[in-house]
Amino acid sequence: MKLALLADVHGNLQALDAVLNDLQARGGADETWLLGDVAALGPDPVGVLDRLTEIDNLRVIRGNTDRYLVTGERPYPSLDDARADPSLLPRLVQVAESFAWTKGMVTQGGWLEWLAALPLELRLTLPDGTRILGVHASPGEDDGEGIRETQSAIELQELLAGCDADLVLVGHTHRPFEATVETEAGPVRAVNFGPVSMHQTEEKRAIYTLIDADPTGYRLERHFVPYDRQKTIAELERFQHPGASFIASFLAD
C-alpha cells in the first residue's frame, strides 16, 4: 500500500496543487493524510478546502490554526503580552485581522462546521504490523512545542510515552526532523516531514512524504516540489489579505 502524507497547507492552493500533481505523476496513493493547519493563513482557504473534496480516500486532522478558526483562540502574542510589551501590538493586530479574514472566508464558503469536526489524530496499522499515529504537533496535542530538533532524548521520550504506536508522524514546526527514541513500550520513530507551505527553513519547496508498505516492511520517502511562490504572494496582495507581509516573509527567497 502507499500512504501520502501532507501537513501545514495554510491556505496555499498553488503549493497544494503542486504536491497533488507530483503525487499523481508518481502513481498516486491508496490513502492520503493531511495532518492539520489546512486553511489559515494563506490567500485561498476556500480554494484549498474545495480541492480536498477531489482527493480520494483523504483523511484530515485538525491543527492549531484550524482550532483557532473555530474557537476564537489565538496564537502569541496575547493582549496581556502586548500590554507588557507595546512593540508587540502591530503583530497582535495583524494576527487578529488575519484570522478574522480567514474565518469570514471559510464561514461564507460553508466550511466552518467541517473544520470544527476534524479529529485530533489518525491511526493505521501497516501490512507488516507497524502501528502509525498521525498528529499535528505531538501525541494528544495540536499545539505547543511539537516535535523538533532542539529537544533532548528525554524530552522526546516524555512526548512519545504511551503513544501506542511504532511510527509517529507530525507537522506543526515547519522544520523537517526525525528521531527514534526508546520508550517503556519499545522504540518509537518520530518523523516531522516538513510543510507544504509557510517554511521556516531555507527550503521553500512544498514538501510531502510517501510511505510504501508491504508485509516485509515500509519505506518512507520525502519529496520536494517547486511551485510558483510569487503567484501566492501576488494573491495575498490582490485579496488585500491583512497578514500579507507576514505570510510573504515565509514564501520569498
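Residue numbers count from 1 along this sequence.
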Novice: Side chains of F177 and V191, heavy atoms from C-beta outward: is any pair under 4.5 Å?
Specialist: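 F177 vs V191: side chains apart.
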
Novice: For residues I147 and L167: do they belong to one hydrophobic cluster (side chain heavy atoms under 4.5 Å, members Ile, Leu, Val, Met, Phe, Trp, Tyr)?
Specialist: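 I147 does not cluster with L167.
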
Novice: Taking the side chain as C-beta and beyond, is there a heavy-atom pair between F246 and P90 under 4.5 Å?
Specialist: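 SC-SC contact between F246 and P90 ruled out.
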
Novice: Heavy atoms, side chains only, cut-off 4.5 Å: are L3 and D30 in contact?
Specialist: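 Result no, sub-4.5 Å side-chain heavy-atom pair not found.
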
Novice: Nearest 0.5 Å, what's the CG-OG distance between L41 and S197?
Specialist: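 Here the rounded value is 10.0 Å.
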
Novice: What are the two closest heavy atoms between P77 and L92, and how far apart are they?
Specialist: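 Closest pair (atom of P77, atom of L92, distance): O-CD1, 3.1 Å.
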
Novice: Verify, without hydrogens or angle tests, whether R229 (side chain) and L251 (backbone) share a donor-acceptor contact under 3.5 angstrom.
Specialist: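 Yes.
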
Novice: Are side-chain heavy atoms of L120 and V135 found at a separation under 4.5 Å?
Specialist: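 The answer is no, as the side chains (C-beta and beyond) never meet within the 4.5 Å cut-off.
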
Novice: Is it true that V46 and V70 fall in one hydrophobic cluster, defined by side-chain heavy atoms closer than 4.5 Å?
Specialist: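 Same cluster: V46 reaches V70 through Ile, Leu, Val, Met, Phe, Trp or Tyr contacts under 4.5 Å.
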
Novice: Is the distance from the ring center of H199 to that of H174 below 6.0 Å?
Specialist: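 Between H199 and H174, the centre distance exceeds or equals 6.0 Å.
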
Novice: Quick one: closest heavy-atom pair of D164 and R123, and the distance?
Specialist: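 Looking at all heavy atoms of both residues, the closest pair is O-NH1, 3.1 Å.
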
Novice: Is there side-chain contact between R51 and D17, with heavy atoms separated by less than 4.5 Å?
Specialist: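 R51 vs D17: side chains touch.
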
Novice: Please determine whether the number of non-hydrogen atoms from other residues, nucleotides or ligands lying under 6.0 Å from atom CD of Q24 exceeds 12.
Specialist: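 For Q24, atom CD is not crowded (no more than 12 foreign heavy atoms under 6.0 Å).
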
Novice: Has the side chain of E237 got a donor or acceptor atom that lies under 3.5 Å from a matching backbone atom of A234?
Specialist: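 No; zero donor-acceptor contacts below 3.5 Å.
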
Novice: Is the backbone of G243 close enough, under 3.5 Å, to the side chain of H241 for a donor and an acceptor to pair up by distance?
Specialist: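 Looks like yes, one N/O pair under 3.5 Å.
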
Novice: Heavy atoms only: give me the nearest V196-Y227 pair and the separation to one decimal.
Specialist: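 It is O-CE2, 4.4 Å.
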
Novice: Are side-chain heavy atoms of F250 and H10 found at a separation under 4.5 Å?
Specialist: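 They are not in side-chain contact.
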
Novice: Count I, L, V, M, F, W, Y as connected when their side-chain heavy atoms are under 4.5 Å apart, and connections chain through other members. Are V9 and M105 then in the same cluster?
Specialist: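 Yes, V9 connects to M105 through the hydrophobic network.
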
Novice: So, taking the atom named CG in L5 and the one named CD in E221, what distance separates them when rounded to the nearest 0.5 Å?
Specialist: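 Here the interatomic distance stands at 12.5 Å.
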
Novice: Does L52 reach the side chain of L58, with side-chain heavy atoms less than 4.5 Å apart?
Specialist: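 Side chain of L52 against side chain of L58, heavy atoms only: contact under 4.5 Å found.
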
Novice: With clusters defined by side-chain heavy atoms of hydrophobic residues (ILVMFWY) lying less than 4.5 Å apart, directly or transitively, does V106 cluster with L236?
Specialist: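 Same cluster: L236 reaches V106 through Ile, Leu, Val, Met, Phe, Trp or Tyr contacts under 4.5 Å.
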
Novice: Between the side chains of H223 and D22, does any donor sit under 3.5 Å from an acceptor?
Specialist: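 Absent: no donor and acceptor within the cut-off.
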
Novice: Between D214 and M1, is there a donor-acceptor pair closer than 3.5 Å when you use the side chain of the first and the backbone of the second?
Specialist: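 It does not hold such a pair.
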
Novice: Would you sort out whether T201 and E203 count as a side chain to side chain donor-acceptor pair (under 3.5 Å), showing the intermediate values?
Specialist: CA-CA 5 Å; T201 66; E203 175 57 69; over 6 Å; no

Novice: Quick check against the 3.5 Å criterion: does N192 have a side-chain atom that pairs as donor or acceptor with the backbone of G171?
Specialist: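 Pair found, side chain donor or acceptor close to backbone of G171.
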
Novice: Using every non-hydrogen atom in the two residues, find where D66 and A39 come nearest and quote the distance to one decimal.
Specialist: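 Closest approach of D66 to A39: OD1-N, 3.7 Å.
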
Novice: Could you check R67, R62, R74 and say which one makes a salt bridge (Lys or Arg N to Asp or Glu O under 4.0 Å) with D143?
Specialist: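 Exactly one pass, corresponding to R67.
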
Novice: Which pair of heavy atoms, one from L156 and one from A179, lies closest together, and at what distance?
Specialist: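 Shortest heavy-atom contact: CD1-CB, 4.0 Å.
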
Novice: Indicate whether any N or O donor in one side chain lies under 3.5 Å from an N or O acceptor in the other, for Q157 and T183.
Specialist: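 Side-chain D/A pair, Q157 to T183: absent.
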
Novice: Would D253 and K204 count as a salt bridge (charged side-chain N to carboxylate O under 4.0 Å, His left out) if you check the C-alpha gap in whole Å, the side-chain angles of each, and the deciding distance to 0.1 Å?
Specialist: CA-CA 8 Å; D253 291 321; K204 302 299 184 182; over 6 Å; no

Novice: Under 3.5 Å, is there a donor-acceptor pair between the side chain of S138 and the main chain of E141?
Specialist: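 Here the side-chain-to-backbone pair does not exist.
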
Novice: Atom CZ of F239 and atom CH2 of W101: how far apart are they, to the nearest 0.5 Å?
Specialist: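 F239 atom CZ to W101 atom CH2 measures 6.5 Å (nearest 0.5 Å).
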
Novice: Nearest heavy-atom pair of E73 and T71: which atoms, and what distance?
Specialist: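 For E73 versus T71, the nearest heavy atoms are OE2-OG1, 2.9 Å.
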
Novice: Quick check: does any side chain N or O of T53 sit under 3.5 Å from a backbone N or O of D50, one acting as donor and the other as acceptor?
Specialist: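 Indeed, once roles are kept as given, a pair shorter than 3.5 Å links the two residues.
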
Novice: Do P139 and L133 come close enough that some side-chain heavy atom pair is under 4.5 Å?
Specialist: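 When only atoms from C-beta onward are counted, L133 and P139 do touch, with a gap below 4.5 Å.
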
Novice: Do R175 side-chain atoms and Q200 backbone N/O form a donor-acceptor pair below 3.5 Å?
Specialist: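 Side chain of R175 to backbone of Q200: a pair is present.
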
Novice: For residues V188 and L169: do they belong to one hydrophobic cluster (side chain heavy atoms under 4.5 Å, members Ile, Leu, Val, Met, Phe, Trp, Tyr)?
Specialist: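 No: no chain of side-chain contacts under 4.5 Å links V188 to L169.
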
Novice: If only side-chain N and O atoms count, and only distance matters, is there a donor-acceptor pair under 3.5 Å linking D80 with S78?
Specialist: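 There is no such pair between these side chains.
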
Novice: Within the 3.5 Å criterion, strictly below it, is a donor on T130 or D166 matched to an acceptor on the partner's side chain?
Specialist: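 D166 and T130 do not have a side-chain donor-acceptor pair below 3.5 Å.
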
Novice: The test is side chain to side chain donor-acceptor pair (under 3.5 Å); show your working for H172 and D37 and say whether it passes.
Specialist: CA-CA 8 Å; H172 184 56; D37 280 7; 4.9 Å; no

Novice: Could you please spell out the steps behind the side chain to side chain donor-acceptor pair (under 3.5 Å) verdict for S245 and Q94?
Specialist: CA-CA 10 Å; S245 60; Q94 190 174 59; 3.2 Å; yes

